[in-house]
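Small disclaimer: the values here were computed from a predicted structure and weren't measured.
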Amino acid sequence: MSATEGATANGSTRATTRESAKARGAAGTKPAAAKPPRTESRTALVRRARRINRELAEVFPYAHPELDFENPFQLVVATVLSAQTTDLRVNQTTPALFARYPTPEDLAAADPEEVEEILRPTGFFRAKTRSVIGLSKMLAEDFGGEVPGRLEDLVKLPGVGRKTAFVVLGNAFGRPGITVDTHFQRLVRRWKWTEETDPDKIEAAVGALFPKSEWTDLSHHVIWHGRRICHARKPACGACPIAPLCPAYGEGETDPDKARKLLKYEKGGFPGQRLNPPQAYLDAGGRPAPPLDAA
């Protein structure tokens, strides 16, 4: 993935960023919060948005999709299963699913009750079973057992909407797309990139701020920041590397020491969500998630 290939090369930049933040926190200082003006010009908005993305790329040079997959089929199934649950829970569940049903043809012919039992930990397992068996049948019957690389074909698959389609296109086929999940929606509105609430309109509005070639990595950067720092209920404003660029600075905890305690995943000392993460993530200091039966 392009978001991870440069992780080793950018390791020193990330380390510098973290050391700087650590030093600022140790001194008890708060990041400067120069909020953008209420009447921000289009040009100023584009510049601020692109700077935020550049800053996040330095903080998360190893950002990547947090679903384990080895091929497009595994990715489309895993993404469908990730609805209403965590990527970690999906990653803890899919090894058994793909070991038993490695191809679309295998899953298309599966006993639904057996698939339901495997998928039970992901929640909504009956609906998800219908979706993954249904999309497998369509892949086997209409696409020769291969996941199509076009948006208009992907969205025809049961359980696959635009968000899932762009995850697959961007990460399995290298075709740019914006993944508008709940984290992405929350952050781009906090940053005043758009006031839209409809995912398709958010996708269009944000896409217009960036070159198309940056869309996939942008999605990873924003989602990682939303999961780790800019949380829904209590964002860690005092530990945020882009605080000076954020109109919503102050909605969360601004004290650096208290804010650091709110950090999640590897930035708070815990592993990421993949059981088998990219090597670049491991080289950058990330740790694999625990297996399903871990104590």
Open item on the list: Side chains of Q92 and P121, heavy atoms from C-beta outward: is any pair under 4.5 Å?
Closed with: no
Determine, for [X] against [Y], whether the closest basic-nitrogen to carboxylate-oxygen distance falls under 4.0 angstrom.
X	Y	value
E66	R228	yes
D87	R227	yes
E195	R189	no
E40	K192	no
R100	E114	yes
R50	E214	no

Quick one: closest heavy-atom pair of [X] and [Y], and the distance?
X	Y	result
L245	R51	CD2-NH1, 3.7 Å
L263	A239	CD2-CB, 4.1 Å
I178	F166	O-CD1, 3.4 Å
G134	P158	C-CG, 3.6 Å

- [ ] Determine, step by step, whether D283 and Q279 satisfy the side chain to side chain donor-acceptor pair (under 3.5 Å) criterion, reporting the C-alpha distance in whole Å, the side-chain angles of both residues, the deciding distance to 0.1 Å, and the verdict.
- [x] CA-CA 6 Å; D283 291 342; Q279 186 60 45; 2.9 Å; yes
Open item on the list: To the closest 0.5 Å, what do you measure between NZ (K156) and CG (D142)?
Closed with: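 Here the interatomic distance stands at 8.5 Å.
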Open item on the list: Would you compute the distance between atom CG of N276 and atom CZ of F69 and round it to the nearest 0.5 angstrom?
Closed with: 12.0 Å
- [ ] Compute the ring centroids of H64 and W224, then answer whether they are less than 6.0 Å apart.
- [x] yes
Open item on the list: Check for me whether the distance between the ring centres of F210 and W193 falls short of 6.0 Å.
Closed with: yes
TODO: Over 60° means perpendicular and under 30° means parallel, so classify the ring planes of Y62 and Y281, tilted if in between.
DONE: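 Y281 and Y62: perpendicular rings.
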